[in-house]
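All remarks here apply to the structure that follows.
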Amino acid sequence: MVTTDEKGPLTAKKKSVIIRSCDGDEFLVSESAAVLSTSLKKILEEKEDRLIHLSDIDNKTLAMVIAYLSTHADDGLSDDLKRSFDQEFVSGKEFDVLKYLVLATDTLQVTCLCYTVAKKMADIMKNKLVEWVRREFDIQNDYTPEAEAEIRRLDAWAWDDRQLEDD
Amino acid sequence: MSKVLDFSGDNDFCPGGSLYQKPKESSPFLSLGRHVDVYFPPRKRSRISAPFVVSGEPKQQPSIEILPDECLFEIFRRLPGGQERSACACVSKRWLMLLSSICKEEICTTTTTQFLEPEIKSDAPKADKSIEPKEKGESDDLNEECLENDSHGYLSRCLEGKKATDVRLAAISVGTASRGGLGKLSIRGNSSTRKLTNLGLKAVSRGCPSLKVLSLWNLSSVGDEGLSAIATGCHSLEKLDLSHCPAVTDKGLMAIAMNCPNLTSVTLESCSNIGNESLKALGVNCRNLKCVTLKNCPLVGDQGIAGLFTSAGHVLTKANFQSLNVSDVSLAVIGHYGTSMVDLALGDLQNVNERGFWVMGKGHGLQKLKSLLITSCQGVSDMGLEAIGQGCPDLKMFVVRKCPLVSDNGVVSFAKAAVSLESLKLEEIHRITQFGGFGILNNGKLKALALANCLGIRDVAFGFPLTSFCYSLRSLTIRNCPGIGNTGLGMLGKLCPKLTHVDLTGLQGITDSGILPLVQRTEAGLAKVNLSGCVNLKDNVVAEITKFHGETLEVLNLDGCKYITDVSLMAIARNCSVLSELDVSQCGISDYGIAVLAGAEQLNLQILSLAGCSLVSEKSLPFLGKLGKTLFGLNIQHCSGISCGAVNLLVEHLWRCDILS
């Protein structure tokens with residue numbers, strides 16, 4: 001079922017790696033793409049295993065990461081093209097999706113994607129209410145009401161003249 | 001379009017390949033996320049091995065709370081501005097502490113981030129994101145965020161008591177980082193300060209690289225680690241003030257000394273673990289160090305002072321050493337190396353002997369010394385004083401307090417030797433007698449003489465030869481010297497005809513006849529006269545003062561002169577033209593006197609004190625109202641004749657006047 005990379009006859013014989021998500025599905029990835037992840041590279045260097053199980057990355061997220069890795073492993077693409085790919089890769093994605101993506105990039109240590117996603121998330125968080133951020137990140141407010149009021153007072157300037165959104 | 005969209009479940013997923021033929025239309029990648037589940041029907045394989053297993057329930061969606069600090073860190077440093085970072089600091093304490101750990105250099109700006117990130121290569125950087133290389137050029141762009149920073153002023157914050165916590169410091173650090181950074185930070189701890197540790201200072205060191213002034217008082221939990229962080233992050237530190245910080249040792253202070261070359265002022269008070277090594281390091285490393293204050297630091301000894309002065313003696317201009325375990329050696333070093341010293345204060349140096357002060361004067365290094373203050377030093381003797389007078393040709397102001405060995409001879413010979421002396425103050429020097437007092441006046445340049453609490457000064461029965469007048473003296477203060485009486489004061493008055501400022505606080509032994517010669521003979525007009533506590537003075541004195549000096553008198557204090565009555569106020573109202581401050585607290589004045597005062601059109605009183613004048617009643621209110629037109633301050637405390645209601649009325653009426661009641 002699983003085929004090799006279709007990059008052409010020259011690269012056809014390249015080694016592939018199978019990555020299994022936490023849902024149990026398996027993905028075939030060329031080794032050149034896999035090693036862009038520092039974590040995967042380390043595993044491949046240490047062991048001969050061609051099957052890597054990632055127990056905390058789901059199908060959806062893993063597929064996205066792999067698409068990203070494959071694009072960036074393609075030597076035929078110019079840096080500019082890769083950059084515009086990066087831009088579009090994150091645009092339009094739900095905040096929730098980005099959260100899992102950034103978590104996955106941290107696990108897999110894909111520095112460049114981590115930066116791109118973090119940037120996108122930071123952009124989305126701009127002009128958002130604190131309550132929105134807490135909800136989206138599922139964070140318990142551990143400030144006492146007085147402490148929070150005090151923090152807000154100290155940083156009062158941060159709230160002036162800003163239209164904050166809650167969605 | 002691309003294969004991905006046409007993908008039917010039967011085929012295999014082929015990443016790469018033809019997808020890249022039209023990279024501009026890379027939308028398939030975007031939809032990949034949504035459809036991807038469809039493309040990968042479960043292929044059940046026997047698991048051979050699982051070398052990379054992260055623990056946890058595989059099926060459960062991870063909560064974002066488990067986003068590790070590294071991820072949050074990457075997001076935070078990409079927040080577009082300081083406002084967003086401050087807002088995120090409100091989300092939770094963990095976020096705040098994380099935000100406060102971001103150095104200014106680590107913040108990515110919008111314009112540069114995208115293009116400066118390292119391209120991913122197969123030999124991707126071994127990612128330790130927290131110490132990733134700084135991206136060149138970013139820090140320059142950061143300045144765009146510092147628009148609110150005034151080039152002269154800087155942001156200042158003070159935390160006290162219970163409010164001094166790590167969380168607050170972190171919030172300050174995050175909040176001020178993008179506004180030019182904090183310039184001055186003061187933390188005043190007390191018994192209720194518990195939640196302030198090195199962590200808070202670390203946050204400050206990251207967010208406030210422009211910190212100039214740091215002042216830490218009563219913080220037992222802040223130690224070397226915090227101070228070292230400050231040393232690492234805040235290289236522009238200019239002033240450091242540590243008081244009662246027992247956890248700070250030489251290690252912390254040496255870090256500051258080595259990393260903060262702009263340090264100009266260091267104050268260490270009751271820091272029980274700071275010793276000589278710190279002072280040596282400060283002397284060697286801080287080429288701009290000008291002011292050093294050391295109080296009650298038991299580990300500081302001669303070695304430290306010597307180390308400091310041998311290296312930095314030529315730059316130090318101001319020093320204050322109190323309650324230190326130093327000996328004669330330290331004073332010798334100061335006297336030899338303190339070539340730039342202008343202002344020197346020494347207090348409570350119990351181990352310094354007579355020789356120490358003598359050798360300090362003989363060292364001939366203190367050529368620029370202008371002000372010297374010696375308090376509670378047993379070792380100061382007549383011999384030492386004379387040597388200091390000779391060794392400090394520029395000395396203009398000298399204050400000596402509570403030094404039991406000092407007597408007439410020393411003071412007189414000091415005044416003679418110190419050729420530039422303009423102001424001399426003796427406090428609690430009980431061996432001084434009237435001879436010493438008069439002898440000092442032989443110095444031709446002295447402008448101000450003050451004797452306070454000198455119990456040895458007594459009226460001498462026989463007349464003192466009035467050989468030379470002291471024309472230079474402008475200000476004479478004799479406070480609480482109960483022995484002085486009419487005779488002595490009368491002679492002083494004759495000797496000093498040019499007085500303009502007279503302060504005779506608490507001389508209970510004098511009466512009108514003692515003051516009159518001083519008042520009547522003064523050639524220059526008196527401007528400030530303080531007779532508070534001279535309980536035996538009567539209206540006649542005020543009448544004479546206003547008669548002779550009404551055109552120059554600006555300040556008159558008669559606090560506690562119980563025999564002063566409305567007659568004096570009448571004299572003031574009649575004669576004084578420039579009086580701005582009048583204190584008749586606890587005097588025997590009444591409503592009539594106030595009325596007369598209010599009737600004097602030429603008076604422009606700015607401060608009036610009627611505290612404890614029991615004869616003043618509410619009948620004075622209209623007159624006070626009239627006086628109030630020019631008043632900035634009015635004291636009517638303990639005036640039993642004025643009710644609360646009346647006071648309120650007055651406060652309402654005189655809204656621009658500060659009323660004590």
Side-chain angles (χ1 to χ4, degrees), chain A residues 1-3 5-7 22 24-26 32 35-36 38 43 47 49 51-56 59-60 63-64 66-67 70 72 74 76-77 79 81 85 88-89 92 97 99 102-103 106 109 111-112 114-115 118-119 121-122 126 130 133-134 137-139 141-143 148 151-152 154-155 158, chain B residues 12 14-17 20 23 26-27 29-30 32-33 36-37 40 42-43 45 47-54 56 58-59 62-65 67-68 70-71 74-75 78-80 83-84 86-93 113-114 117-120 122 124-127 129 167-168 171-172 175:
Chain A
M1 287 289 283
V2 174
T3 65
D5 236 347
E6 278 189 7
K7 277 193 178 175
C22 69
D25 294 351
E26 288 166 1
S32 63
V35 295
L36 293 180
T38 313
I43 294 168
K47 302 199 176 180
D49 288 321
L51 176 68
I52 297 173
H53 183 63
L54 300 175
S55 67
D56 64 349
N59 271 344
K60 196 172 155 185
M64 284 187 280
I66 289 172
S70 304
H72 277 263
D74 186 347
L77 289 178
D79 288 352
L81 290 178
F85 164 77
E88 293 194 45
F89 184 75
V97 174
K99 280 191 302 186
V102 81
L103 192 61
D106 188 65
Q109 291 181 279
T111 318
C112 195
C114 180
Y115 290 172
K119 175 82 181 84
M121 291 175 84
K126 188 182 173 185
V130 170
V133 178
R134 282 199 194 115
F137 281 85
D138 192 18
I139 287 175
N141 179 12
D142 56 355
Y143 285 120
E148 188 181 344
I151 300 282
R152 286 191 186 232
L154 278 173
D155 289 336
Chain B
D12 290 320
C14 312
Y20 301 127
S26 46
S27 51
F29 289 107
L30 305 175
L32 183 63
V36 76
D37 288 337
F40 297 93
R43 292 187 188 91
R45 272 197 179 198
R47 209 175 84 186
I48 304 157
S49 65
F52 190 71
V53 177
V54 180
K59 279 289 171 190
S63 157
I64 205 69
E65 179 72 358
L67 262 195
E70 293 78 31
C71 290
E74 292 303 332
I75 297 171
R78 286 173 174 77
L79 285 170
Q83 288 191 330
E84 281 77 18
S86 288
C88 280
C90 295
V91 168
S92 76
K93 280 185 194 170
T113 317
Q114 282 298 314
E117 274 164 8
E119 265 299 307
I120 198 163
S122 52
K126 298 249 163 69
K129 287 155 205 146
V167 168
R168 215 167 279 238
I172 286 174

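All values reported here derive from a predicted model rather than from experimental measurement. Order of the sequence lines fixes the chain letters, A, B, ..., with proteins taken first and strands second; residue numbering starts at 1 for each chain.
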For A:Ala122 and B:Ile75 the tightest heavy-atom approach is CB-O, 3.5 Å

Working to the nearest 0.5 Å, report the span between OG1 of A:Thr111 and CD of B:Glu74. 8.5 Å

Heavy-atom nearest pair, B:Val91 first then A:Asn141, reads O-OD1, 3.7 Å

Which pair of heavy atoms, one from B:Lys93 and one from A:Asp142, lies closest together, and at what distance? N-OD1, 2.8 Å

